[in-house]
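Taking it in order: structure first as structure tokens, then the write-up.
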Amino acid sequence: MNISDQMNLVSQAMETAPVNVKTLAVSLGISVHEAYLDSRISGMLECKDGKYKISVNVFHPETRKRFTIAHELGHYILHRELIGNGVDDTTAYRSEEIGKYHNTDIGPHEETQANRFAAGLLMPTKLVIDAIKKGMDLDRMAEYFGVSRQSMDYRVQGMDIPRN
């Protein structure tokens, strides 16, 4: 599947909230699993024999699992050539020496890009603006988008929202 096809799948997934990140991952050819990971690890993206797998920490809340899947999808879309055998991300979304894959090719810049990708995927600008226009408060929006209140707050702060 070429990048254009992948981005079309991403765009289609972003048409309704909450974005089904598991279905999107599978559509991209990536399996998603819950795993018993070190408490300091949120998730990992692995590549074995050309097949990709996302694992998320079984003990984390559903909103964090969703963000982790979206973050790992960001690595897949944006940084595939840097992944090698894999990358794991701590709860601060950094690849450090505490996981299975300490990937030194994935640095703070790439982690920030993956976080921005995840935020944009889970909380699409158009849908966030529509929710604001409908008068939803941050708590209701977080529930609607299936994200944490903190993620929703960061997303709204980082947007240039037109005021009517």
Side-chain angles (χ1 to χ4, degrees), residues 1 5-108 110-124 127-128 138-155:
M1 179 181 316
D5 292 337
Q6 292 172 1
M7 292 313 295
N8 282 336
L9 288 172
V10 170
S11 293
Q12 289 171 10
M14 294 170 60
E15 291 177 1
T16 58
V19 171
N20 191 329
V21 289
K22 288 180 185 176
T23 298
L24 174 59
V26 170
S27 297
L28 293 167
I30 305 167
S31 61
V32 177
H33 306 273
E34 292 192 5
Y36 295 95
L37 302 174
D38 182 294
S39 63
R40 299 168 293 174
I41 301 291
S42 284
M44 67 176 84
L45 174 62
E46 298 177 273
C47 181
K48 186 174 182 179
D49 300 324
K51 296 189 185 287
Y52 289 85
K53 175 174 105 172
I54 294 173
S55 298
V56 294
N57 195 319
V58 68
F59 298 112
H60 288 182
E62 193 62 30
T63 54
R64 178 168 274 277
K65 290 176 192 176
R66 287 175 40 75
F67 193 89
T68 298
I69 293 167
H71 178 92
E72 301 305 343
L73 286 173
H75 283 314
Y76 175 79
I77 296 286
L78 303 171
H79 312 125
R80 198 168 326 159
E81 73 283 357
L82 301 176
I83 292 169
N85 290 331
V87 60
D88 50 34
D89 287 297
T90 66
T91 54
Y93 295 106
R94 299 285 181 255
S95 184
E96 296 178 4
E97 291 189 41
I98 59 173
K100 183 177 179 180
Y101 300 106
H102 174 58
N103 187 329
T104 57
D105 291 329
I106 304 285
E110 289 80 14
E111 294 295 0
T112 298
Q113 288 178 326
N115 280 341
R116 287 184 180 145
F117 179 92
L121 174 62
L122 293 172
M123 298 165 277
L127 298 181
V128 171
L138 285 176
D139 290 322
R140 176 68 185 109
M141 288 172 62
E143 181 181 324
Y144 177 70
F145 288 100
V147 298
S148 69
R149 169 71 158 68
Q150 182 180 20
S151 289
M152 193 75 245
D153 190 35
Y154 284 145
R155 179 69 171 131

Considering all heavy atoms, the nearest H60-I41 contact: CE1-O, 3.5 Å

d(L45 CG, L73 CG) to nearest 0.5 Å is 8.0 Å

Checking side chain to side chain contact (heavy atoms under 4.5 Å, CB included) for the pair L24/N20: CA distance, chi angles, key distance, verdict? CA-CA 6 Å; L24 174 59; N20 191 329; over 6 Å; no

R155 side, atom CZ; L138 side, atom CG - distance, nearest 0.5 Å: 13.0 Å

Can a side-chain donor-acceptor contact be found between Q150 and Y154 if the only test is distance below 3.5 angstrom? yes

When every non-hydrogen atom of S151 is compared with those of V147, the smallest separation belongs to CB-CB, 4.2 Å

Would a 4.5 Å heavy-atom cut-off, applied to side chains only, mark K53 and K48 as touching? no

Hey, what do you get for CD1 (I106) to CG (L78), rounding to the nearest 0.5 Å? 9.5 Å

Closest approach of Y76 to L28 (non-hydrogen atoms, all atoms of both residues): OH-O, 3.6 Å

Assess whether side chain to side chain contact (heavy atoms under 4.5 Å, CB included) is satisfied between R149 and T63, documenting all intermediate values. CA-CA 9 Å; R149 169 71 158 68; T63 54; over 6 Å; no

What is the minimum heavy-atom distance between V21 and A70, and which atoms define it? CG1-CB, 4.2 Å

Just how far is it from atom CG of N57 to atom CZ of R64, taken to the nearest 0.5 Å? 9.0 Å

Nearest heavy-atom neighbours spanning L127 and M14: CD1-O, 3.4 Å

Hey, does I30 have a side-chain heavy atom less than 4.5 Å from the side chain of E72? no

Closest contact, heavy atoms only, A35 versus S55: CB-CB, 4.1 Å

Side chains of H75 and Q113 only: does a donor on one sit below 3.5 Å from an acceptor on the other? no

For the side chain of R66 and the backbone of F145, is there at least one donor-acceptor N/O pair under 3.5 Å apart? yes

So, the side chain of E110 versus the backbone of G107: is there a donor-acceptor pair under 3.5 Å, distance only? yes

Between the side chains of R40 and D38, is the shortest nitrogen-to-carboxylate-oxygen separation below 4.0 Å, so that they form an ion pair? yes

Rounded to the nearest 0.5 Å, what's the gap from CD1 on I54 to NE2 on H33? Could you check? 9.5 Å

When rounded to the nearest 0.5 angstrom, what is the spacing between CZ in R116 and OG1 in T112? 6.0 Å

Just so I know, are the side chains of E111 and H71 near enough to count as touching, which here means a heavy-atom distance under 4.5 Å? yes

